[in-house]
Amino acid sequence: ETGRKAQLNNITAARAVSNIIRTTLGPRSMLKMLLDPMGGIVLTNDGNCILREVDVSHPCAKSMIELSRAQDEEVGDGTTSVIVLAGELMALAEPFVREPLHPTVVVRGYSRALQVALEVCDRRSVAVDLGDREFMGKLVESCLGTKFSSRWNDIMVDMALKAVSTVAREIAGRREVDVKRYAKVEKVPGGEISDCRVISGVMFNKDVTHSKMPRKIQNPRILLLDCPLEYKKGESQINVEIMEEENWNEMLKMEEEYVENMCAEIIAFKPDVVITEKGVSDLAQHYFQRAGISAFRRLRKTDNNRISRATGATIVSRTDEIQETDIGTHCGLMEVRKIGDEYFTFLDECTDPKACTILLRGGSKDVLNEVERNLQDAMQVVRNVHYEPRLLPGGGATEMALSVALRREGDKIEGVQKGPFKAVGEAMEVIPRTLAENCGVSVIRKITELRAKHAAAPENEVCNIGINGVTGKIEDMGELGIWEPYSVKVQTIKTALESSCMLLRIDDIVSGSKHK
């Protein structure tokens with residue numbers, strides 16, 4: 001495909017992708033049921049998750065899907081908005097492409113509009129105090145309000161805030177919030193969603209190695225290892241020839257002494273819990289059980305790192321290098337509990353843990369997966385605000401204000417760029433329009449009313465009026481408490497505009513040759 005035909009096809013493809021997930025925007029959104037190639041099902045309204053599963057062959061549609069992935073990796077939220085906005089921008093470029101207006105002129109108009117839009121966002125942003133729990137709660141609520149788990153909003157909001165504030169720490173003057181590595185989500189089917197909680201410590205799916213070891217210890221001393229507590233085998237295949245019978249006994253004795261020495265080196269430090277990433281031999285278990293130590297084996301590296309952050313222990317590689325400072329003493333309670341039909345070990349009540357586990361309970365696997373996705377989004381939102389504590393009003397208020405500002409600015413522009421520049425303003429209205437559509441109210445009336453209110457507001461005043469996504473009424477977002485992180489909004493606008501510019505500049509689609 002070449003020239004105009006390729007451009008029009010690209011626009012059609014972009015529009016098709018944005019139509020797939022348009023109904024999943026806002027609090028009254030619908031869910032999509034996706035069948036994956038393995039025959040499993042996914043129930044979700046998370047834009048990125050839907051598009052990840054959709055099988056698309058058109059190259060332009062594929063690049064649209066990449067957008068939502070980029071948005072998810074960068075800021076974690078706004079994956080649906082970015083696709084809807086990009087699709088609308090492409091659709092509004094169609095009349096310009098059909099007229100003999102060169103795509104680069106359209107692109108130039110779009111880029112100019114992007115600069116103005118970012119300036120307007122910057123002017124309208126509101127600073128936020130990270131310590132204000134109530135305000136932060138409202139922020140997370142407006143992220144979770146559009147999700148499946150919005151019925152249990154209070155629990156989810158508390159969990160997201162607690163998990164992120166646990167993991168956040170200052171390093172050399174900058175904040176580090178590593179949710180992915182240090183806030184682990186454990187999904188256990190059964191129970192109710194109201195049983196979910198954030199453990200102030202770590203939990204992992206293991207039981208003690210020996211049935212007689214203690215299963216509950218108050219204020220345990222914890223030792224973390226990543227070496228095997230069994231006899232060392234040769235690196236490669238080794239044959240030992242033994243002529244005398246005594247030599248055989250001697251060899252067995254040496255093996256036993258080796259394990260005994262390792263255990264003695266560990267027991268000398270009087271730990272209550274020993275956790276290793278490798279195996280623990282029967283003999284070592286016997287010595288530990290006699291010393292009243294609980295041992296856990298074959299733990300994941302990531303779990304071990306989390307335990308080390310939560311309890312203050314250092315992971316030791318060799319038993320002869322253990323020091324008193326390596327032992328973790330920040331944990332208040334070690335207990336093995338049975339949930340469902342599996343045993344889980346809880347290292348709970350830690351003092352100032354820097355890692356945590358989020359325990360999710362729910363009716364079925366599908367529900368749990370969806371709740372986990374929603375919680376990830378909520379934690380990302382809190383993380384973004386930690387990095388950049390500025391907010392913008394949600395509910396389509398920011399988009400409508402941008403639309404009005406771009407129209408005003410567009411009137412001052414002379415020449416061919418005027419059309420494309422104003423088109424960006426028009427495209428911004430797609431977000432409040434879709435919100436109104438999904439509520440089932442009269443779209444034209446509401447959008448006209450909203451536009452009129454924003455246009456009537458003085459230029460230098462901030463107008464926070466948007467659409468209440470639940471009732472479809474026009475309300476002040478500041479009073480409703482619907483806010484979104486500045487970084488999410490700005491990233492959405494940037495990603496959508498830049499990708500539309502890129503897709504509009506394509507005038508040729510050539511397939512690569514297949515090797516015979």
All side chain to side chain donor-acceptor pair (under 3.5 Å) counterparts of [X], not counting sequence neighbours:
X: Glu479; value: none
X: Asn468; value: Thr471, Glu475
X: Thr104; value: His102

>> Show every side chain to side chain donor-acceptor pair (under 3.5 Å) that has at least one partner inside residues 421-434, sequence neighbours left out.
In response: Glu88-Arg433, Ser403-Glu429, Arg407-Glu429, Asp411-Lys422, Glu429-Arg451
>> According to side chain to side chain donor-acceptor pair (under 3.5 Å), does anything in residues 353-362 pair up with another residue at least two apart or in another chain? List the pairs.
In response: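 Listed by first then second residue: Asp352-Lys354.
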>> Checking Lys32 against Thr23 for the side chain to side chain donor-acceptor pair (under 3.5 Å) test, could you report, in this order, the C-alpha distance in whole Å, the side-chain angles of both residues, the deciding distance, and whether it holds?
In response: CA-CA 9 Å; Lys32 303 280 182 196; Thr23 53; 3.0 Å; yes
> By ring pair (Phe, Tyr, Trp, His ring centres under 6.0 Å), which residues pair with Phe204, not counting sequence neighbours?
Replying inline: Phe296
Side chains of [X] and [Y] only: does a donor on one sit below 3.5 Å from an acceptor on the other?
X: Asn205; Y: Glu186; value: no
X: Glu370; Y: Thr44; value: yes
X: Ser81; Y: Lys489; value: no

>> Would you say CZ of Arg337 has more than 12 non-hydrogen atoms from neighbouring residues, nucleotides or ligands within 6.0 angstrom?
In response: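 Atom CZ in Arg337 is crowded, with more than 12 foreign heavy atoms closer than 6.0 Å.
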> Which residue pairs pass the ring pair (Phe, Tyr, Trp, His ring centres under 6.0 Å) test when at least one of the two sits in residues 373-405, sequence neighbours left out?
Replying inline: none
Would you please name every residue forming a salt bridge (Lys or Arg N to Asp or Glu O under 4.0 Å) with [X], sequence neighbours left out?
X: Lys301; value: Asp226, Glu277
X: Glu372; value: Lys187
X: Glu409; value: Lys412
X: Arg98; value: Glu94

Quick one: side chains of residues 118-125, donor-acceptor pairs under 3.5 Å with protein atoms, not counting sequence neighbours, listed by atom name and distance.
residue : atom : partner : partner atom : Å
Asp122  : OD1  : Arg390  : NH2          : 2.3
Asp122  : OD1  : Tyr486  : OH           : 3.3
Arg124  : NH2  : Cys463  : O            : 2.6
Ser125  : OG   : Asp122  : O            : 3.1
Ser125  : OG   : Arg390  : NE           : 3.2
Ser125  : OG   : Arg390  : NH2          : 3.3

